[in-house]
S.K.: 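Got a structure for you, written out below as structure tokens; questions coming shortly.
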There are 2 protein chains.
Amino acid sequence: MAHITSSVEYAIHCLLYLVGSGDTPLSSRDLAELQGVSPSFLAKIFPRLEKAGIVAASEGVRGGYVLARPAEAVTFLDVVDAVEGDKKLFDCQEIRGRCALFEGDPPGWATKGVCGIHAVMLSAEKAMRDSLARTTLADVAAGFGRKAPKSFYADLSDWMDGRIRARASPRRARPEEGAG
Amino acid sequence: MAHITSSVEYAIHCLLYLVGSGDTPLSSRDLAELQGVSPSFLAKIFPRLEKAGIVAASEGVRGGYVLARPAEAVTFLDVVDAVEGDKKLFDCQEIRGRCALFEGDPPGWATKGVCGIHAVMLSAEKAMRDSLARTTLADVAAGFGRKAPKSFYADLSDWMDGRIRARASPRRARPEEGAG
DNA sequence: GATAACGCGGATAAAACCTGTCTGCGTTTT
DNA sequence: AAAACGCAGACAGGTTTTATCCGCGTTATC
């Protein structure tokens, strides 16, 4: 179990697909099946992104999610905080005040200010967060765009269209697509 | 549950006491009771510090631990790695290769090199680790030394001596110290 | 207007991890 | 010989993460 969880990983992969989908909403089910992850689990992650103002939801048939902000305005830190809440890197238990010499009543000099150990951890957490805030969805999407062939985006669009068409008129769907 | 755990917190607090104890070994039991933490739990942490070459153990009666290196040569990162092993900030599940369009056989362009998302997380992890590597036990011990009154170190020494004496000749120990 | 797709929220369960306890063993000082 | 000490392993309880299921309200399509 890592500090930055699979939930964040799923979220960012989905958001990168949303970068490419523009104004067309993508449902969490389609995104889950496209990537081979659990649809019901993904469905629990998206509301957090919506509450954080990262995606916008549209309900009902043909509903789904679109990015609520330009991809340049969504950092990795935004996504981590949205999905995981304010999870601390380190949880100081104020052990400095428990020293037996204090007999349950620690003096002011021992408990004033931030614990010296805690301060080091907070500094490390800040370094991590600053680093995460330096990269946006647009940065990673651009990097992917340089690797993927042009045909990939067309194929992706076809796949999504295929799913929508298949649901609209099931009789016309190809048999191997209907199974599953 | 934080990424940097209580085990690390306990370890560093103990190591700071070892900075002050010099060549006199301190037992994990005494360190635990001094700080009001679980002796049996602390006893599971010290062997990891010993394997990492941070402390040196001496067995038998009057045994215990001393720093194996100067306090200036022990960074917070050393302690974190020793206690937690190589715990990753993020565990990439290579979701990029699972895209349904690849039909189970992802092309080279999709899986070559480090996943773009993973790369961002690795960069954040490096920033955190670099930050942790910048502070040593000596730094924090010095900061504490500036806050604590001189009498604290004498009192601490007396407390440790008292425990050793109490065990050496229980009849001479003060009644309230013998309890517990 | 019925149906089905969709987002939303809560209840639930399984797995992993962290904390903490206990026991037995070998070593060393007293 | 006894007691203090480090060491290793087994074990239990609590929390977090992952995952599933169900029912509800909303909306486009037939």
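Per chain, numbering begins at 1; letters A, B, ... match sequence-line order.
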S.K.: Would you say A/Ser58 reaches D/dT27's phosphate, i.e. side-chain N/O to OP1/OP2 under 4.0 Å?
M.R.: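 No, A/Ser58 has no side-chain N/O under 4.0 Å of OP1/OP2 on D/dT27.
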
S.K.: What integer distance in Å separates A/Gln35:CD from D/dA19:P?
M.R.: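 To the nearest whole Å, that distance equals 13 Å.
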
S.K.: Count I, L, V, M, F, W, Y as connected when their side-chain heavy atoms are under 4.5 Å apart, and connections chain through other members. Are A/Leu156 and A/Leu67 then in the same cluster?
M.R.: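 Yes; A/Leu67 is reachable from A/Leu156 via cluster members.
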
S.K.: Sequence neighbours excluded, which residues qualify as salt bridge (charged side-chain N to carboxylate O under 4.0 Å, His left out) partners of A/Glu125?
M.R.: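 Per chain and number, A/Glu125 pairs via salt bridge (charged side-chain N to carboxylate O under 4.0 Å, His left out) with no residue.
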
S.K.: Under a 3.5 Å distance rule, please check whether A/Glu9 uses its side chain to pair with a backbone N or O of B/Gln93 as donor and acceptor.
M.R.: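 Present.
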
S.K.: For DNA chain D, which residues in residues 1-12 of chain A have a heavy atom at a distance below 4.0 Å?
M.R.: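 By residue number: A/Met1, A/Thr5, A/Ser6, A/Ser7, A/Tyr10.
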
S.K.: B/Asp30 has an atom CG; how far is it from atom P of D/dC5, in whole Å?
M.R.: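 Distance check: B/Asp30 CG to D/dC5 P gives 6 Å.
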
S.K.: OP1, OP2 of C/dG7 versus side-chain N and O of A/Arg29: anything below 4.0 Å?
M.R.: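 Yes, such a contact exists.
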
S.K.: Classify A/Phe46 by what it touches in the nucleic acid, base, sugar-phosphate, or nothing, heavy-atom distance under 4.0 Å.
M.R.: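 Result for A/Phe46 = nothing.
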
S.K.: In this structure, how many angstroms lie between the P atom of D/dC5 and the CE atom of B/Met160, rounded?
M.R.: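 Roughly 11 Å, once rounded to whole Å.
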
S.K.: Give me the other members of the hydrophobic cluster that A/Val114 sits in, counting Ile, Leu, Val, Met, Phe, Trp and Tyr linked by side-chain heavy atoms under 4.5 Å, directly or via other members.
M.R.: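 A/Leu122, listed by chain and number.
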
S.K.: Applying side chain to side chain donor-acceptor pair (under 3.5 Å) as the test, list every pair that has at least one member in residues 67-87 of chain B; sequence neighbours left out.
M.R.: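 Matches after skipping sequence neighbours: B/Thr5-B/Glu84, B/Arg69-B/Asp78, B/Thr75-B/Asp78, B/Asp81-B/Arg129.
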
S.K.: From CG of A/Leu49 over to P of C/dC8, roughly how many Å is that when rounded to an integer?
M.R.: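 Checked: the CG to P distance equals 10 Å.
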
S.K.: Considering only C/dC6, D/dG6, D/dT18, which nucleotide approaches the side chain of A/Ser27 most closely?
M.R.: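 It is C/dC6.
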
S.K.: When the side chains of residues 12-26 of chain B are checked against the rest of the protein, which donor-acceptor pairs come out under 3.5 Å, sequence neighbours left out?
M.R.:
residue: B/Ser21; atom: OG; partner: B/Leu18; partner atom: O; Å: 3.2
residue: B/Ser21; atom: OG; partner: B/Thr24; partner atom: O; Å: 3.2

S.K.: Nearest-Å distance, CG (A/Leu42) to P (C/dC6)?
M.R.: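 In whole Å, C/dC6 P and A/Leu42 CG are 14 Å from each other.
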
S.K.: Among pairs that include at least one residue of residues 108-136 of chain B, which meet ring pair (Phe, Tyr, Trp, His ring centres under 6.0 Å), considering only residues two or more places apart or in two chains?
M.R.: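 Of all non-adjacent pairs touching residues 108-136 of chain B, those that pass ring pair (Phe, Tyr, Trp, His ring centres under 6.0 Å) are A/Phe144-B/Trp109, A/Phe152-B/Trp109, B/Phe90-B/His118, B/Phe102-B/Trp109.
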
S.K.: Between the protein and nucleotides 22-27 of chain C, list every N/O to N/O distance that falls short of 3.5 Å.
M.R.:
residue: C/dT27; atom: O4'; partner: B/Glu59; partner atom: OE1; Å: 3.1

S.K.: Return all side-chain donor-acceptor pairs below 3.5 angstrom for residues 40-49 of chain B, not counting sequence neighbours, or 'none' if the list is empty.
M.R.:
residue: B/Ser40; atom: OG; partner: B/Ser38; partner atom: OG; Å: 3.3
residue: B/Arg48; atom: NH1; partner: B/Val83; partner atom: O; Å: 2.6

S.K.: Of all of residues 82-92 of chain A, which get a heavy atom below 4.0 angstrom from DNA chain D, listed by number?
M.R.: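 Those residues whose heavy atoms fall under 4.0 Å from DNA chain D, taken from residues 82-92 of chain A in numerical order, are A/Lys87.
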
S.K.: Measure the distance from CD1 on A/Ile45 to C1' on D/dT17 and round it to the nearest whole Å.
M.R.: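 From A/Ile45 CD1 to D/dT17 C1': 11 Å.
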
S.K.: Determine, stepwise, if the pair A/Arg163 / A/Glu33 fulfils side chain to side chain contact (heavy atoms under 4.5 Å, CB included).
M.R.: CA-CA 10 Å; A/Arg163 308 213 99 224; A/Glu33 295 184 21; 2.5 Å; yes

S.K.: Mapping B/Ala57 and B/Gln93 onto DNA chain D by nearest heavy atom, which one lands closer to the 5' end?
M.R.: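 It is B/Ala57, whose closest nucleotide lies nearer the 5' terminus.
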
S.K.: Side chain of A/Pro47 only, heavy atoms from C-beta on: which candidate in C/dC8, C/dG7, C/dG20 is closest?
M.R.: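 Nearest to the side-chain atoms of A/Pro47, counting from C-beta on, is C/dC8.
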
S.K.: Quick one: list whatever passes side chain to side chain donor-acceptor pair (under 3.5 Å) with A/Gln35, sequence neighbours left out.
M.R.: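 None.
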
S.K.: Check the distance between D/dC5's P and B/Leu31's CG and give it to me in whole angstrom.
M.R.: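 Those two atoms, CG and P, are 11 Å apart.
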
S.K.: Grab the CD-P distance between A/Glu50 and D/dT26 for me, whole Å please.
M.R.: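 Between P of D/dT26 and CD of A/Glu50: 15 Å.
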
S.K.: Only pairs at least two apart or in different chains count here, so list each salt bridge (Lys or Arg N to Asp or Glu O under 4.0 Å) that has a residue in residues 130-142 of chain B.
M.R.: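 Found B/Lys126-B/Asp130.
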
S.K.: Considering residues at least two apart in sequence or located in another chain, which fulfil the side chain to side chain contact (heavy atoms under 4.5 Å, CB included) criterion with B/Asp161?
M.R.: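 Only B/Ser157, B/Arg165 meet the side chain to side chain contact (heavy atoms under 4.5 Å, CB included) criterion with B/Asp161.
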
